[in-house]
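Values below: every heavy atom of this structure, side chains too, minus hydrogens, waters and symmetry copies.
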Amino acid sequence: MRRPTTSRGLRHARWQAILAVSAIASAVALPVVLVGVGGGVAAHELASLEDTGYQIVVSAEGLHGIEYAHQDTATMLRTAGVVDAEPILSIPIDVFNASANVSPVLAEGVVPSEFLATLGPTEAGLFPSPLPLGDPNDTVHYDGGTYRGPSTDDVLLSSTYAADHDVGPGSTVVLSPTTNASLGVNYTVTGTFGTALSIVQPSGAFAALLVLSNLQSLTGYATGPGTIVPDGADTIEVVVQGSVADHLASLNAVAAAIQAEFPAYAVTTLSSQASQLASADAVLTGFYLALSSVGLAVGLLFLALVLVRRVERERRSIGIRRALGVPAASVALGLVGDGARLAAAGGIAGVVAGIVVVRGLATWASSTVREAAQLAVFSPTFLAELVAAVVGLSVLASAAAVRAAARIDLLEALR
């Protein structure tokens, strides 16, 4: 198809084409960002679930809502098929180093002998084995629920905190429930550990690991006056026998037995969590595409208008070609081809723009957004299907221009 011959007309046509490509690129970039980041986060969480060493999670409503965690754990260990059960209390505290510099950390209270068994191969490599926390079964300080036994007061700190605050094995730090150091307790640093990548806890987060009863006493989740939740914990992670873990019906039977023993708690298997996560990811992907369809519809409408305007500018050219015997189908195919090329250019530009945006977020955004963006996954199949869909829809956008070209009066066009 012949293009406008005047310089002004040529510039106008080029600007229309650029705007059409830009509109489609903007619409395509949105699902690239949303699906890439959302899918990457979901894939990471699924991989984390599959990499854990435990198969059942017991939790409760409210903040640190599991009561009498030590007793509950002992009961679960007596359940057929259960080989380990690990109560975990996660709570922010403040740590003062030797220079009295204070920093918030996420502390986890654990039973040392059970903790490593609940970790998958990747996470287990981040911690020393055995954990140098003393009181491996958390029985000495717990003292049958009195919390009056002697405390070892040992703590493991994340390597990021240790490097930033110049502490290491043998150092003394103060752990406090608040920024008031006088409420704290002196602890000896007996080792460091790495921190796994997580959305809720970025890889550079400061963290501490100590015996469960010690953390409970420090933060008001032990027993006695001022207790918030007696012997409180957030979750109890349960490890089952290998034969049970590999058989879904047997795993569900163990979960049901624990649920019957603790009807007030929520008992879920990681397999059900993985299934729910996969379903949620599919729903979110559909939502992302539906949300993006609005922008895509606007982009395709703009493309249709550009093609119709092109037909109006080239009425005489189209009339001459038709008069010379060029079939109407050939003219229509030319318009459809023009629309497909513009749509393909917009689709490819949108894919590139979306990837660039995500890479930028992974480099310069805030910590949580940066961690999420770093997990983004760009499936070549999805990107190719997205561009192909845009090109396919451009055929519909070209229909208005094809109809306008077919309705041109040849005698009037040739005057």
Side-chain angles (χ1 to χ4, degrees), residues 57-77 85-98 100-115 131 133-158 161 165 172-190 200-201 205-237 261-266:
V57 179
V58 181
S59 57
E61 294 183 355
L63 191 63
H64 319 303
I66 289 182
E67 299 181 354
Y68 304 107
H70 288 83
Q71 298 178 29
D72 296 344
T73 299
T75 301
M76 292 178 196
L77 286 171
E86 169 61 25
I88 295 179
L89 174 64
S90 299
I91 189 167
I93 63 172
D94 289 286
V95 178
F96 298 80
N97 65 359
N101 293 323
V102 61
S103 179
V105 304
L106 179 64
E108 288 200 345
V110 301
V111 177
S113 63
E114 307 286 348
F115 178 70
L131 294 179
L133 291 176
D135 199 2
N137 297 314
D138 193 13
T139 55
V140 178
H141 177 236
Y142 175 65
D143 192 22
T146 65
Y147 291 86
R148 295 175 181 173
S151 174
T152 56
D153 293 339
D154 293 333
V155 64
L156 296 177
L157 295 173
S158 63
Y161 175 88
H165 290 80
T172 298
V173 295
V174 176
L175 306 187
S176 175
T178 71
T179 54
N180 186 351
S182 65
L183 299 177
V185 177
N186 290 327
Y187 272 75
T188 301
V189 179
T190 55
V200 296
Q201 181 182 336
F206 295 158
L209 196 70
L210 59 158
V211 175
L212 175 60
S213 62
N214 290 9
L215 183 59
Q216 290 172 330
S217 297
L218 182 69
T219 56
Y221 288 91
T223 57
T227 296
I228 303 171
V229 176
D231 193 5
D234 293 296
T235 60
I236 299 178
E237 299 171 350
E261 187 71 36
F262 301 97
Y265 294 160

Worksheet item: Stepwise, does the side chain to side chain contact (heavy atoms under 4.5 Å, CB included) test hold for L209 with V110?
Response: CA-CA 7 Å; L209 196 70; V110 301; 3.8 Å; yes
Worksheet entry | Test side chain to side chain contact (heavy atoms under 4.5 Å, CB included) applied to I66 and D234, step by step | CA-CA 6 Å; I66 289 182; D234 293 296; over 6 Å; no
Worksheet item: Would D138 and H70 satisfy side chain to side chain contact (heavy atoms under 4.5 Å, CB included), going step by step from the backbone distance to the final call?
Response: CA-CA 9 Å; D138 193 13; H70 288 83; 2.7 Å; yes
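Side chain of T223 to backbone of G145: a donor-acceptor contact under 3.5 angstrom is found. Between the side chain of D135 and the backbone N or O of V140 there is at least one donor-acceptor pair closer than 3.5 Å. The backbone N or O of A98 sits nowhere less than 3.5 Å from a side-chain atom of T172 that would complete a donor-acceptor pair. Counting only distance, with no hydrogens or angles, the side chain of E86 and the backbone of V111 share a donor-acceptor pair below 3.5 Å.
In this structure, L133 and T152 have side chains that are not in contact, with every pair of non-hydrogen atoms separated by 4.5 Å or more. Counting heavy atoms from C-beta on, the side chains of T235 and P87 never come closer than 4.5 Å. Residues V189 and L156 form no side-chain contact, since every pair of their non-hydrogen atoms from C-beta on lies 4.5 Å or further apart. S217 is listed as a side-chain neighbour of H141, based on a closest heavy-atom distance under 4.5 Å. Between V155 and T190 the shortest side-chain heavy-atom distance does not fall below 4.5 Å. With contacts defined as side-chain heavy-atom distances shorter than 4.5 Å, the pair D72/E67 does not qualify.
No donor-acceptor contact under 3.5 angstrom links the side chains of N97 and H165, judged on distance only. For the residue pair T179 / D94, no side-chain donor-acceptor distance below 3.5 Å is found, with atom types taken as modelled.
With sequence neighbours left out, the side-chain contact (heavy atoms from CB on, under 4.5 Å) criterion links V105 to I93, V95, Y161, F206, A208. The side-chain hydrogen bond (donor to acceptor under 3.5 Å, both in side chains) search around Y147 returns Q216, D231, not counting sequence neighbours. With sequence neighbours excluded, no residue forms a side-chain hydrogen bond (donor to acceptor under 3.5 Å, both in side chains) with D154. Under the rule for a side-chain hydrogen bond (donor to acceptor under 3.5 Å, both in side chains), the partners of N180 that lie at least two apart in sequence or sit in another chain are S182. Residues satisfying the side-chain contact (heavy atoms from CB on, under 4.5 Å) test with S176, not counting sequence neighbours, are F96, T178, L183. Applying the side-chain contact (heavy atoms from CB on, under 4.5 Å) criterion to D153, with sequence neighbours excluded, gives S151, V185, Y187, N214. In terms of the side-chain hydrogen bond (donor to acceptor under 3.5 Å, both in side chains) criterion, T73 has no residue partners (sequence neighbours excluded). Residues satisfying the side-chain contact (heavy atoms from CB on, under 4.5 Å) criterion with Q71, sequence neighbours excluded, are Y68, Y142.
The nearest pair of heavy atoms linking V211 to P112 is CG2-CG, 4.1 Å. Counting all heavy atoms, side chain and backbone alike, I236 lies closest to A69 at CD1-O, 4.3 Å. Scanning all heavy atoms of the two residues, the minimum distance from E108 to L215 falls at C-CD2, 3.8 Å. Taking both residues in full, the closest heavy atoms of S113 and N137 are given as OG-OD1, 2.7 Å, listed atom of the first, atom of the second, then distance.
Distance OG/S59 to CD/E237: 11.0 Å, rounded to 0.5 Å.
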